[in-house]
Structures are given as C-alpha cells and as structure tokens.
Amino acid sequence: MQYRMSELFLRTLRETPADAEAASHSLLIRAGYLRRAAAGSYTWLPLGLLALNKVTAVIREEMNRAGFQEVHFPALLPKEPYEATGRWSEYGPALFRLQDRRGADYLLAPTHEEMFTLLVKDLYSSYKDLPISLYQIQTKYRDEARPRAGLLRGREFVMKDSYSFDIDDAGLEVSYQKHRDAYQRTFDRLGIKYVIVSAQSGAMGGSASEEFLAPAQAGEDTFVLSEGGAANVEAIVIAPTAAINFDSLPAAQVHDTPSTATIDTLVEFSNSNPELRIDRSWSAADTLKNVVFKLTNQQGDVRALAIGVPGDREIDMRRLEAAVYPEVVSPFAEEDFAKHPKLVKGYIGPQALGLNSPSKIQYLVDPRISVGSSWITGANAAGKHVFNLVMGRDFQADGNIDVAEVQVGDNCLVPTGKVLELARGIEVGHIFQLGRKYAQALDLKVLNENGEQVTVTMGSYGIGVTRAVAVIAEQHHDEKGLRWPRSVTPVDVHLVIAGKDEPLFNGATKLAAELNQAGLSVIIDDRMGVSVGVKFNDAELIGIPTIIVIGKKYADGQVELRDRFAEQSIDVPIDEIVATVKQLS
RNA sequence: CGGGGCGUAGCGUAGUGGCUAGCGCGCCUGCUUUGGGAGCAGGAGAUCGGGAGUUCGAAUCUCCCCGCCCCGACCA
C-alpha cells in the first residue's frame with residue numbers, strides 16, 4: 001500500500017494542543033492520528049486507524065494461536081441479563097443506559113461477562129464441551145467520571161475480552177495460565193514494556209487476579225516491585241511484625257503535652273521536654289496515630305471505624321477503599337465528633353476504641369502494631385498523651401487492617417520480600433479467575449461424567465486495545481515525535497522526497513513500487529512546494545521507524561536510510577535499499 | 001462526585017468597559033525558493049461556549065447553564 005502525503009487525510013500540528021497533557025495524547029493529536037469527538041471519545045484518522053488495526057491484528061493472532069475462538073456481541077444489549085447478575089444497578093452511573101421507542105431498557109455494554117455466560121449456556125451442556133475460551137474485540141462504553149489523557153481513559157474504547165469456561169478449579173487454573181502466557185506474548189510483540197502485578201479482584205468478584213501494568217509517568221496505578229515480585233498497591237499485604245515479650249517494659253504513663261494535636265507537634269514536644277527524654281530522640285515512628293472514618297454500606301447504614309497506624313505513616317485511601325469494599329469511606333467530620341464525646345480530636349487513644357469499649361467503635365490496627373510494641377499515643381483528653389502504652393498489655397485491637405501507605409523497605413507477604421521501588425503504571429491488561437459468580441447467577445451448568453449438574457467456573461481476561469495504542473505512544477517517543485515499534489507501525493517506510501526535480505519524484509515512485517512488491521507499505525512525501533525541513537519534521541513526528549530520504553545523492557545512485565531508533569543515518573545504494581529495509585522489519 | 005483551572009478562527013494566543021477583536025502557525029491566489037518548520041504581495045476564515053441581565057456602549061461586569069482540562073475517588 002502507498003500513501004501520498006499530498007493526498008493523505010491528516011494535518012500535523014506544530015504546537016501542542018492546550019488540553020493535552022500526556023505525551024501519547026499530545027503526539028497522537030499533533031501527528032494527525034486522532035481528533036477528539038467528545039470528552040473521552042476520539043475519531044481515528046487514517047494513520048491512527050492503521051496503527052489501531054496493527055495492534056488489533058497482533059492481539060487477534062496471539063489469541064487464535066492460544067486456541068481461543070473469536071465471537072462478536074452487540075454493544076447494544078437488553079438489560080435483563082444484567083439484572084440477573086445485579087449489575088444493572090450495581091454498575092451505577094458508569095453504565096450508559098438508554099431506552100428504545102417502546103420504553104424498553106437497554107445498555108451500552110461496559111463488559112460482557114453476562115453475554116458470554118449465556119452464550120455458552122445456550123450452546124453447551126456437557127463436560128465434554130469444556131474447556132472453552134472465547135473472546136471478542138469490541139467497543140465498550142463506560143460513562144467514566146473522568147475521561148483522561150486522550151486514549152488512556154475513554155468513555156468509548158476498544159477492548160479485547162476473553163472468557164474461559166471450565167468444569168473445575170484445576171481446569172480454570174490451566175485456562176488462566178494459558179491466557180497469562182498469551183498475554184505475555186502479545187505485549188512482547190506489541191513492544192509494550194510491562195510488569196505483571198498481583199491485583200485486587202475488586203468489583204468483579206473472584207479470587208486470583210493479576211494486572212499487566214505498563215510503567216509510565218502518565219499511569220494511574222501505583223505498584224511496587226519487591227525482592228520477590230510485584231503488586232498493585234491495593235493488593236499489597238504487609239508482613240505482620242512478630243509479637244515480643246513485654247514483661248520488662250516500663251509502665252504506661254500519662255503526660256501533659258499541651259497543643260500537640262498533630263504528630264509533628266507531639267514529636268517536637270516530646271524531644272524538647274527534659275522529663276520525657278530517652279537515650280535517643282523520639283520520632284514519628286514511636287507514635288501511634290488513630291484515625292476515624294465513616295463507612296457506609298450498600299444498604300446505606302453508616303458506622304465508624306478507627307484505624308491505628310504508626311505516626312510516620314499516612315493512611316493510603318486507595319488501599320483503605322479496597323480493604324473495606326463494598327463499604328464506602330468518608331471522613332469523620334466535626335458533627336461526627338460531636339456525636340462521640342469520648343473521642344477527643346487530636347488525642348484519640350486506643351483505650352477509648354474497640355467494639356468492647358464504651359464507644360463501641362471498631363478498632364483495627366496496622367500489622368506493625370504487634371503484641372509487645374510500645375507507643376506514644378493519645379490519652380483521650382485534650383493536651384494529654386500516654387507514653388509506653390504497650391499493645392497486648394495496655395490495649396487491644398479488634399483486628400488488623402493493612403491500609404497504611406507503602407514505603408520502600410517495607411516487608412511484604414504479597415509481593416514477597418522487601419519493597420524495592422514504587423512506580424506508576426498503566427493497566428493495559430487484567431486477567432482473573434472469576435470463579436462461579438456469573439455461572440451461578442445465570443445458572444450455567446453442565447453434566448459431569450456422573451450425570452450430575454455442575455456449575456461451570458470461569459475466568460475473565462481483558463486487554464485495552466485502544467489504550468494499548470496510547471501506551472505504545474507513551475513508551476516509544478522522543479522529543480521529535482512518535483517512534484512506532486516495527487511490529488505495529490502504521491506504515492513500514494516513510495519515503496521523503498528531498499528536492500523538486502522530476503528524477504527524484506520518478507525515483508521515489510519506482511522505489512515505492514519496489515517496496516510494495518517486497519510487502520512493505522509506504523508513505524511518500526510528494527508534497528510540492530513544501531520545504532525539506534517541514535517534511536523531515538513531519539516524518540519524525542509521525543514516527544514511522546524507517547525513513548528513506550531520496551535527494552541529493554540520488555544522482556549517484558544513493559539514498560539515505562534513517563532509523564528512528566538509531567543515532568545516525570546511512571547511505572545505501574539504491575539497488576540495495578529494498579533488501580536492507582526488508583531486513584529491519 | 002469533591003477540589004483547582006480554562007473556554008476568543010483548524011491550532012497556539014493577545015485583548016479585563018469604548019472605534020472595524022489583534023498577532024503567529026495553518027489555509028487560498030500569484031511570483032520566487034527547496035537537505036532541517038523559506039521570502040514577498042494579496043486574500044478567506046470568529047454568532048468571542050450558550051442564555052439572561054447591568055450599561056449610552058459588553059469578549060471584558062453580574063447571574064444561570066453548557067463544555068473542556070488537571071488533581072483526587074473508580075476501571076481495560
């Protein structure tokens with residue numbers, strides 16, 4: 001295929017659009033791949049569509065190679081299946097709902113678990129039919145509260161979603177692993193750098209779950225790399241500190257600590273007051289901070305929850321939200337304190353907390369608050385703190401909760417070992433073992449070898465296809481523009497005619513034909529009256545990895561070969577150029 | 001949904017009560033120019049996000065609405 005720049009439907013922009021923050025967003029707009037249609041929905045221009053189709057093709061090949069079969073559902077669906085699983089209401093405002101002319105409810109599918117489950121139920125009824133994995137590449141709709149960064153979070157986006165169906169847990173494990181392997185091959189081929197992290201299963205239900213996160217500054221997820229693996233911060237499990245003997249520890253003692261309602265002021269006061277001095281200085285890590293939240297469950301009932309964390313840590317709201325799901329967290333406001341006179345803001349101590357205490361507020365502590373650990377903490381009276389308050393001796397908790405912010409050096413069970421690094425990533429794939437939630441809700445059963453009805457167990461696996469395009473752009477660009485990996489480049493060769501003489505145009509036309517003959521698609525920059533500077537800049541912005549310049553040296557039988565990933569260009573004899581380029585891809 | 005910001009031509013922007021809304025890029029016509037975003041001359045393109053109000057006079061002030069972007073909470 002040949003595309004002539006003089007005819008290609010695009011307009012490159014010299015300046016960054018004011019509303020584009022992420023590199024992928026800005027470059028895809030500037031290079032003429034995309035136009036915004038509405039918040040979170042984009043029009044694909046010819047070059048963009050070529051890139052999207054390349055990405056789609058790689059994904060499809062890998063799914064087929066793994067033995068998964070492609071189907072295609074409508075995006076417009078009736079509400080009934082979603083009512084059966086409860087998601088018609090549970091999905092909340094993120095679901096696009098609409099009505100037909102008769103007033104019947106429909107939705108634009110945000111994901112298709114229900115439909116796949118019903119399809120298998122419709123056709124299959126024996127264990128002999130299983131396992132089966134089906135997938136589709138399809139447009140999804142989610143009324144996102146906040147579409148972001150161009151393609152990174154859209155309200156309309158393309159997703160590859162697969163579903164596996166197995167007779168038992170062992171089978172699910174195998175199907176899951178097959179998808180995991182297929183995903184690794186897929187992302188490797190797409191040129192996406194990724195980390196597989198343990199994930200929270202969240203709203204989908206189910207157990208084992210891993211995410212493919214593409215490390216990128218523009219990413220919305222935070223993950224950790226540890227000595228033994230990687231995990232989304234929401235899924236991290238901190239190793240509990242071992243209990244120690246507290247027989248020799250000094251008794252708890254209440255001290256006046258006026259105006260110390262914050263950890264900083266408390267530490268400063270403790271260190272500057274001779275009476276409180278010890279053989280080292282106090283630090284925030286010696287203090288026990290107790291924070292109260294309100295939790296609202298799905299029925300709308302509100303309860304209070306107190307959380308104790310070491311004073312040098314903040315509570316990570318994402319981890320807290322994930323830990324208490326489906327209850328929703330909100331801050332404990334002034335009026336809530338008014339309802340609980342036992343709680344002295346800034347001086348809350350564990351003695352006033354717990355289901356068995358007068359406050360009856362559930363009290364959960366960080367796993368580092370272990371039996372035998374000793375703390376400075378609130379004495380439940382304004383201007384007073386208690387020192388040497390020992391867990392297991394002077395106070396108890398109702399249990400543990402692991403929601404403190406994670407820091408480098410933390411010791412984890414998931415992922416194993418010490419935290420080495422925290423980083424941002426874009427979730428480009430997610431695989432999980434759904435289990436029987438949907439099969440149960442929709443009554444998907446097959447007969448086993450004993451003639452008994454058995455509920456099928458499922459896995460669900462997604463790749464954000466349009467998001468993957470953005471991730472590639474995010475990970476592969478330089479200050480000049482995009483740089484497509486050769487596996488997904490919209491076009492193989494960008495042929496720049498650097499000059500206005502007729503022989504150059506004729507030579508370029510001939511070369512383009514030869515490249516086509518060799519199976520390579522070509523953009524020819526044949527624009528008249530456009531200076532070479534503009535052509536070079538556009539070529540670099542558009543990001544085709546192989547650029548051939550046909551210019552000055554053409555008369556001597558040479559063209560210039562530029563690799564967007566290499567430092568320098570080389571001169572290649574015209575009769576060798578096709579073979580040379582062919583080798584690159 | 002909470003917080004912050006922004007809406008002037010395809011893009012980037014100036015203009016904070018006063019004449020015909022200015023500039024750069026892009027676009028059109030002509031001439032010239034062609035190895036790193038050329039030059040000259042001429043030209044087209046804007047209901048200043050929408051509505052209501054204040055005023056002799058509104059892009060500019062007030063109110064309401066809409067849209068967009070960023071941070072946070074949710075997801076491929």
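Protein chains get the first letters and strands the later ones, always in sequence-line order, with residue 1 at the start of each. Not measured: the values here are computed from a predicted model.
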State whether a side-chain donor-acceptor pair under 3.5 Å links [X] with [Y].
{"X": "A:Glu62", "Y": "A:Tyr183", "value": "no"}
{"X": "A:Asp188", "Y": "A:Gln184", "value": "no"}
{"X": "A:Glu113", "Y": "A:Thr111", "value": "yes"}

Between [N] ([atom2]) and [X] ([atom1]): distance, integer Å:
{"X": "A:Asn537", "N": "B:U34", "atom1": "CG", "atom2": "P", "value": "19 Å"}
{"X": "A:Asp525", "N": "B:G35", "atom1": "CG", "atom2": "C1'", "value": "13 Å"}
{"X": "A:Arg87", "N": "B:C74", "atom1": "CZ", "atom2": "C1'", "value": "15 Å"}
{"X": "A:Met528", "N": "B:A38", "atom1": "CE", "atom2": "C1'", "value": "16 Å"}
{"X": "A:Arg148", "N": "B:G4", "atom1": "CZ", "atom2": "P", "value": "20 Å"}
{"X": "A:Tyr141", "N": "B:C75", "atom1": "OH", "atom2": "C1'", "value": "17 Å"}
{"X": "A:His179", "N": "B:A76", "atom1": "NE2", "atom2": "P", "value": "15 Å"}
{"X": "A:Leu10", "N": "B:C27", "atom1": "CG", "atom2": "P", "value": "12 Å"}

Counting only non-hydrogen atoms, which of residues 539-553 of chain A are less than 4.0 Å from RNA chain B?
-> A:Glu540, A:Val549, A:Gly551, A:Lys552
Taking atom [atom1] in both [N] and [M], compute the distance separating them and give it to the nearest angstrom.
{"N": "B:C40", "M": "B:G36", "atom1": "C1'", "result": "22 Å"}
{"N": "B:A9", "M": "B:C25", "atom1": "C1'", "result": "12 Å"}
{"N": "B:G24", "M": "B:G51", "atom1": "P", "result": "30 Å"}
{"N": "B:C11", "M": "B:G18", "atom1": "P", "result": "27 Å"}
{"N": "B:C56", "M": "B:C1", "atom1": "C1'", "result": "46 Å"}
{"N": "B:G26", "M": "B:U20", "atom1": "C1'", "result": "24 Å"}
{"N": "B:G72", "M": "B:G35", "atom1": "C1'", "result": "50 Å"}
{"N": "B:U62", "M": "B:U55", "atom1": "P", "result": "16 Å"}

Over all strands shown, is [X] touching base, sugar-phosphate only, or nothing at heavy-atom distances under 4.0 angstrom?
{"X": "A:Asp538", "value": "base"}
{"X": "A:Arg562", "value": "base"}
{"X": "A:Ala149", "value": "sugar-phosphate"}
{"X": "A:Gly429", "value": "sugar-phosphate"}
{"X": "A:Arg36", "value": "sugar-phosphate"}
{"X": "A:Val530", "value": "base"}
{"X": "A:Gly40", "value": "nothing"}
{"X": "A:Val534", "value": "base"}

Closest to the A:Ala498 side chain, choosing from B:G35, B:C70, B:C69 =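 That would be B:G35.
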Given B:G37, B:A76, B:G36, which nucleotide is nearest the side-chain atoms of A:Phe157?
->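 So the side chain of A:Phe157 is nearest to B:A76.
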Under 3.5 Å, is there a donor-acceptor pair between the side chain of A:Arg97 and the main chain of A:Trp88?
-> yes
Could you tell me whether a side-chain N or O of A:Lys289 sits under 3.5 Å from a main-chain N or O of A:Arg313, the two making a donor and an acceptor?
->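 Checking the backbone N and O of A:Arg313 against the side chain of A:Lys289, a donor-acceptor pair under 3.5 Å is found.
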What about the rings of A:Tyr135 and A:Phe68, do their centers lie closer together than 6.0 Å?
->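 Centroid separation for A:Tyr135 and A:Phe68: 6.0 Å or greater.
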Name all residues meeting the side chain to side chain contact (heavy atoms under 4.5 Å, CB included) criterion together with A:Lys193; count only those two or more places apart in sequence or in a different chain, and write none if there are none.
->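 A:Gln475, A:His476.
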Contact list (N/O, under 3.5 angstrom) for nucleotides 7-14 of chain B vs protein:
{"from": "B:G12", "atom 1": "OP1", "to": "A:Ala18", "atom 2": "N", "distance (Å)": "2.7"}
{"from": "B:G12", "atom 1": "O2'", "to": "A:Glu15", "atom 2": "OE2", "distance (Å)": "3.1"}

Pairs flagged by ring pair (Phe, Tyr, Trp, His ring centres under 6.0 Å) wherever residues 525-571 of chain A is involved - sequence neighbours left out |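 Listed by first then second residue: nothing to list.
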Which residue lies toward the 5' end of RNA chain B, A:Arg467 or A:Lys500, if each is placed at its nearest nucleotide?
->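 Whichever sits nearer the 5' end wins; that is A:Lys500.
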Contact nearer the 5' end of RNA chain B, comparing A:Val158 with A:Lys480 =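 Result: A:Lys480.
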For RNA chain B, which ranges pair as stems of 3 or more consecutive Watson-Crick or G-U pairs, with both donor-acceptor distances under 3.5 Å?
->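 Expected stems, ordered by start: B:1-7 with B:66-72, B:10-13 with B:22-25, B:27-31 with B:39-43, B:49-53 with B:61-65.
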Gap between atom CD of A:Glu560 and atom NZ of A:Lys553 - 0.5 Å precision |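 A:Lys553 atom NZ to A:Glu560 atom CD measures 6.0 Å (nearest 0.5 Å).
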Could you grab the distance from atom CZ of A:Phe157 to atom OG of A:Ser41, nearest 0.5 Å is fine?
-> 12.5 Å
Side chain proximity check, A:Pro215 to A:Phe223, heavy atoms < 4.5 angstrom | yes
For B:A38, does either OP1 or OP2 sit under 4.0 Å from a side-chain N or O belonging to A:Ser531?
-> yes
Please evaluate the base of B:C75 for a donor-acceptor partner in the side chain of A:Arg153 within a cut-off of under 3.5 Å?
-> yes
Those residues at least two apart in sequence (or on a different chain) that pass side-chain hydrogen bond (donor to acceptor under 3.5 Å, both in side chains) with A:Ser162 are A:Lys160
Grab the two heavy atoms, one from A:Ala230 and one from A:Ile196, that are nearest each other, plus how far apart they are.
->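 Taking A:Ala230 first and A:Ile196 second, the nearest heavy atoms are CB-O, 3.7 Å.
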Apply the test salt bridge (Lys or Arg N to Asp or Glu O under 4.0 Å) to residues A:Arg30 and A:Asp538: give CA-CA distance (whole Å), side-chain angles for both, the deciding distance (0.1 Å), then the verdict.
-> CA-CA 10 Å; A:Arg30 279 187 58 208; A:Asp538 276 347; over 6 Å; no
